[in-house]
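Reading through the structure tokens given below for one structure.
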Amino acid sequence: MGSRFNQRDQKRKVNKIYNIAITIVSILIVIVAVSIFLSDGGTETKKTTTEPKQVAETEKGKVVDKPAGKEEETDSEKEDAVGDSEATEEDAEKEDSKATEEDDADSEKAGDAELVEVEGSGDGNVASTYTSESWKPVGTEQSGEHTTSFEKGSVDWNEMSKAIASGAGIDEGSMKLWWLQNGGSPTTAIGTVSEGDNPKTFRVYIEWVDGSGWKPVKVEELKTNDKR
């Protein structure tokens with residue numbers, strides 16, 4: 001009896017030790033697992049808290065690497081802006097050059113004739129009146145006694161148009177002849193003309209020179225075209 005009782009008591013002790021050992025091992029496993037979980041969670045939290053700091057530092061002025069595409073687009077936009085600016089400046093220069101050429105053309109009217117401004121007739125529609133000693137007769141194909149003809153397309157009409165264009169300083173091919181009339185005598189005529197779509201209008205006085213043709217003698221620059 002005593003021997004069996006001792007064996008049972010030993011088994012109980014061994015079982016108790018096993019149970020304690022299993023319990024300790026289980027607790028250790030749980031502790032290790034919790035430690036690993038907490039360690040991973042801490043790392044993620046650290047990463048999460050670090051990123052806003054980097055963003056904040058970037059916003060304070062640190063250089064941020066941009067994608068290559070962005071830089072290329074920005075450079076392209078800058079080049080386009082520079083190109084547009086240069087094109088605008090070239091257009092402005094062309095406009096200024098064109099305006100200068102037009103002014104020069106106006107100042108070189110009547111084949112570079114030296115124009116002299118004279119007192120006008122008192123006509124309220126006249127802006128300025130001028131003449132020139134360098135104006136010459138335009139020549140003629142006519143011979144014998146001259147008879148002024150206001151028939152459109154006649155030799156005399158064409159020669160009068162040529163003299164009027166010379167006085168106004170307008171190319172005959174682009175001249176618009178609004179009106180052509182007798183100037184008060186058989187050897188004088190008056191023409192009202194303009195150049196193309198230019199609103200500037202001239203009243204040109206011409207006279208006949210025997211053997212040499214029609215010659216401009218006076219030009220009036222009008223404020224408005226009174227023959228339109």
Side-chain angles (χ1 to χ4, degrees), residues 89-228:
E89 290 176 359
E90 288 178 1
D91 291 341
E93 289 175 359
K94 287 180 181 178
E95 290 295 329
D96 292 341
S97 177
K98 184 178 179 182
T100 302
E101 289 174 1
E102 290 177 353
D103 291 340
D104 291 342
D106 289 340
S107 65
E108 294 173 1
K109 282 187 178 294
D112 294 330
E114 184 177 348
L115 304 179
V116 179
E117 190 167 355
V118 297
E119 186 176 353
S121 62
D123 186 340
N125 190 36
V126 175
S128 62
T129 305
Y130 53 87
T131 185
S132 175
E133 294 182 357
S134 62
W135 283 333
K136 305 295 181 183
V138 296
T140 182
E141 299 176 4
Q142 304 176 66
S143 59
E145 186 177 354
H146 174 259
T147 300
T148 302
S149 172
F150 290 98
E151 181 182 350
K152 187 174 182 179
S154 65
V155 174
D156 202 45
W157 174 282
N158 292 337
E159 291 179 354
M160 283 191 285
S161 296
K162 186 176 181 180
I164 291 169
S166 175
I170 297 174
D171 181 74
E172 192 176 0
S174 60
M175 183 181 74
K176 284 185 178 180
L177 181 58
W178 297 96
W179 193 261
L180 181 57
Q181 67 185 54
N182 183 279
S185 71
T187 59
T188 60
I190 304 172
T192 301
V193 296
S194 64
E195 183 175 17
D197 296 327
N198 192 330
K200 191 177 289 187
T201 308
F202 304 93
R203 184 187 292 151
V204 184
Y205 296 75
I206 59 175
E207 67 179 12
W208 173 259
V209 179
D210 286 332
S212 299
W214 291 97
K215 169 188 173 181
V217 293
K218 184 176 71 173
V219 175
E220 293 174 339
E221 183 178 334
L222 304 181
K223 296 177 181 177
T224 58
N225 187 344
D226 56 1
K227 300 300 183 183
R228 184 185 290 272

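- Distance check: Glu195 CD to Lys200 NZ gives 10.0 Å after rounding to the nearest 0.5 Å.
- When all heavy atoms of Glu172 and Asn158 are compared, the closest pair comes out as OE2-O, 3.9 Å.
- Heavy-atom minimum distance, Val138 versus Lys162: O-NZ, 3.7 Å.
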Any chance you could lay out the side chain to side chain contact (heavy atoms under 4.5 Å, CB included) test for Leu180 and Phe150, step after step, and finish with the verdict?
CA-CA 8 Å; Leu180 181 57; Phe150 290 98; 4.0 Å; yes
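- When all heavy atoms of Ser149 and Met160 are compared, the pair lying nearest together is O-CE, 3.1 Å.
- Remark: Asp197 engages Lys176 in a salt bridge (charged side-chain N to carboxylate O under 4.0 Å, His left out) (not counting sequence neighbours).
- Every pair tested for ring-ring contact (aromatic ring centres under 6.0 Å, His included) that includes a residue from residues 166-194 fails, sequence neighbours excluded, so the list is empty.
- Looking at Ser132, its side chain does come within 3.5 Å of a backbone N or O of Glu114 through a donor-acceptor pair.
- The list of salt bridge (Lys or Arg N to Asp or Glu O under 4.0 Å) pairs with a residue in residues 143-157, not counting sequence neighbours, is empty.
- When the salt bridge (charged side-chain N to carboxylate O under 4.0 Å, His left out) test is applied to Asp226, the partners found at least two apart in sequence or on another chain are Arg203.
- The residue from Leu222, Thr192, Val193 that alone fulfils the side chain to side chain contact (heavy atoms under 4.5 Å, CB included) condition with Phe202 is Val193.
- Between Tyr205 and Glu220, the side chains place a donor N or O and an acceptor N or O closer than 3.5 Å (distance only, hydrogens not considered).
- Within the structure, every pair that satisfies the ring-ring contact (aromatic ring centres under 6.0 Å, His included) test and touches residues 206-228, not counting sequence neighbours, is listed here: His146-Trp208, His146-Trp214, Trp208-Trp214.
- Here the straight-line distance linking atom CG of Asn198 with atom CE of Met175 works out to 14.0 Å at 0.5 Å rounding.
- When atom types are taken as modelled, the side chain of Lys223 and the backbone of Gly124 share a donor-acceptor pair closer than 3.5 angstrom.
- Between Lys218 atom NZ and Ile206 atom CD1 the span is 13.5 Å, to the nearest 0.5 Å.
- Here the straight-line distance linking atom OG of Ser212 with atom NZ of Lys136 works out to 10.5 Å at 0.5 Å rounding.
- Legend: residues meeting side-chain contact (heavy atoms from CB on, under 4.5 Å) with Thr224, ordered by chain and number and at least two apart, are Asn125.
- Between the OG1 atom of Thr188 and the CG atom of Asn182 there is a distance of 5.5 Å, given to the nearest 0.5 Å.
- Here the closest non-hydrogen pair linking Val204 and Ala168 is CG2-CB, 3.9 Å.
- Shown here for Ser128 and Glu117, the closest heavy-atom pair between the two residues is CB-OE2, 3.7 Å.
- Side-chain atoms of Glu141 do not come within 3.5 Å of backbone N or O of Glu159 as any donor-acceptor pair.
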